[in-house]
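Remarks on the structure that follows.
Chain identifiers are assigned alphabetically (A, B, ...) following the order of the sequence lines, protein sequences preceding nucleic acid strands; residue numbering begins at 1 within each chain.
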Amino acid sequence: MNDRVKALNSKPAREAADYVLYWSQMNRRADSNHALEFAAGLANQRQLPLLVYEGLTCTYPYANDRMHTFVIEGVPETGRRLEARGIGYHFHLRRTRQDPNDRLYALAARAAAIVTDDYPTFIARRHNASVPAKVDVPYYAVDSSCIVPMSQFAKREYAAYTIRPKIQKLVARYLKPVETVKVKRAFRLTLDQQATPVAAGTVAALVASCDIDHSVKPSLSFTGGRLAAEKTLTEFIERRLRRYTRDKNEPSAHATSDLSPYLHFGQISSLEAALAATAQADETKVMADVFLEELIVRRELAFNFASYVDDPESMANVPDWARKTMAEHATDKRDAVYSQEQFENAATHDPLWNAMQKELLLRGKIHGYYRMYWGKKIIEWSATHEEALKTMIYLHDRYALDGRDPNTYTNILWCFGMHDRPWQSRPIFGMLRYMSFDGMKRKTNTEAYLKEIEFLERTGKDPFRIA
DNA sequence: ATCGGCTCGCGCAA
DNA sequence: TGCGCGAAGCCGAT
């Protein structure tokens, strides 16, 4: 057992078993995956082959063409890479509610043990709370999301400044490539269950066949899958990393990594991104690098937060001063009040805000800096703080390829004071940090951004992602 | 253009 | 117990 692995039940291993099962819920990749390698080690110990199960169901909240396309696009390459290692791969798409929802349990019936991803939000969190009791084999959750494992932090951290020194002390120990475990027994079994065949040309038809929300179209900017993830990382390292520090808060400069969709669906690991970035720089000042600050300190603060609270989507998570100040300003007059639907349709009076919302609708992601303004204005223009929170979560859950992630809920709650500090009081916000249109105009090239989003809307093409 | 004040509380030094 | 300083700011004075 290592510092990434938690046993979530205490069932004995099945003696007469055909394989060890890795249930790839969040880390949908064959490379740089601690959970996969832990499962491979377990399989070798038991002299068994390893089977990877990856499922996608039509029933999770906001299941739509955008999310489904991104996930299914990853399937062929994951299959190729696992099979090249002698590891079995079973992808199953549950298209309708009439299809039985028992694939995991059917595969588990022949498994010696189940290994899955330790992940503190959305569906995987709920699965890992309920499934271990329902299977009759050991169930292990492995932290393959963080560089410094979540287990290394004994409590919920208060802010970036409290977790930063702890990460700096530990990071060298973990900033190492994942060791690949060679499987001793190749997977050659024929399963009773039918996998869903996927080829590059069949993704759209598969998505269309699912009983999901077809009104949320695939992202105009992001293609899913390992090859697209690797290309995105390489291009970032080669072309954009050198100007990241200067331009990361200038959305029109496209200096950020664009990795968040791939990180969220686990098609690439943050460890791979960190190793690629450090290989470029003087390794002794690793943590001084601004990209690694965001990739490791802020991202892993989000995982720390989500792993320690009862409900990562709740306003109860913001500090006392923030809840108090919001209560004091609960009935302040709002100059403009929009409904969730008006926000969703990008129908506010503010063209800059509307452009950000259109970026979410079309690209499936908002630039990190502008997302803060986007959130702050939803607070300013909602009837209540609670309603603003619900709107932000809804819009991210439904449209963002990097939504449903610890980072998503952390970024949203940051707008309500979490991991932040109080500032001079003002209406509606109280002591929550305020952000203004004038600030955006002063600090960023809003005109270039507006033009870009207008082009995206008019042509359906993203000049920065489609060569 | 630049700067200080705003305002709370964590964590460390003492 | 005191003190420095913090997830990305604003505003008014100079």
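- The base-pairing partner of C/dT1, taking Watson-Crick or G-U wobble contacts with both distances under 3.5 Å, is B/dA13.
- Minimum atom distance to the side chain of A/Q424 is reached by B/dG5, of the listed B/dG5, C/dG6, C/dA7.
- B/dG5 is paired with C/dC10 under the criterion used here, namely a Watson-Crick or G-U wobble arrangement in which both key atom distances are under 3.5 Å.
- Nearest nucleotide to the side chain of A/M435, out of C/dA7, C/dC10, B/dG11: C/dC10.
- Summarising the geometry, the separation between OH on A/Y373 and P on C/dA8 is reported as 19 Å, rounded to the nearest angstrom.
- Under a 4.0 Å N-O distance rule, the pair A/E230/A/R81 qualifies as a salt bridge.
- The NZ atom of A/K376 sits 10 Å away from the P atom of C/dC10 (whole-angstrom rounding).
- Here C/dC5 presents its C1' atom at 13 Å from CG of A/D420, a figure rounded to the nearest Å.
- Close to C/dC11, at under 4.0 Å from its OP1 or OP2, lies a side-chain N or O of A/R426.
- Within the nucleic acid shown, A/R442 comes within 4.0 Å of sugar-phosphate atoms alone, with no base atom in reach, counting heavy atoms only.
- If you check every strand for non-hydrogen atoms under 4.0 Å, A/N411 touches a base.
- Taking atom OH of A/Y370 as the reference point, atom P of C/dG9 lies 13 Å away to the nearest angstrom.
- A salt bridge links A/D320 with A/R323: the closest approach of a Lys/Arg side-chain nitrogen to an acidic carboxylate oxygen falls below 4.0 angstrom.
- A salt bridge links A/E272 to A/R226: one of the charged nitrogens lies within less than 4.0 Å of a carboxylate oxygen.
- Comparing atom distances between the A/P422 side chain and each of B/dT7, C/dA7, B/dG5 picks out B/dT7 as nearest.
- Taking the centre and axis of the six-membered ring of A/W423, the NZ or CZ atom of A/R421 falls inside the cone set by 45° and 6.0 Å.
- Looking at A/Y409, A/W374, A/F122 one by one, the single match for ring-ring contact (aromatic ring centres under 6.0 Å, His included) with A/H396 turns out to be A/W374.
- Looking at heavy-atom distances under 4.0 Å, A/S425 makes no contact with the nucleic acid at all.
- Across all their heavy atoms, A/D402 and A/S260 have their closest contact at OD2-OG, 2.8 Å.
- A heavy atom closer than 4.0 Å to some atom of DNA chain B occurs in no member of residues 241-264 of chain A.
- Looking at heavy-atom distances under 4.0 Å, A/W414 makes contact with a base.
- For the OP1/OP2 pair of C/dA7 and a distance below 4.0 Å, the side-chain nitrogens and oxygens of A/R164 include at least one atom meeting the criterion.
- Heavy atoms of A/K155 sit under 4.0 angstrom from primed sugar atoms or phosphate atoms, though from no base atom.
- Listed candidates were B/dC10, C/dA7, B/dT7. Nearest to the side chain of A/M431 is B/dT7.
- Using a 4.0 Å cut-off between a side-chain N of Lys or Arg and a carboxylate O of Asp or Glu, A/R398 and A/D213 qualify as a salt bridge.
- When the side-chain nitrogen and oxygen atoms of A/Y369 are compared with OP1 and OP2 of C/dG9, one or more of them lie within a distance under 4.0 Å.
- In this entry the distance linking OH of A/Y434 with C1' of C/dC11 reads 12 Å, nearest Å.
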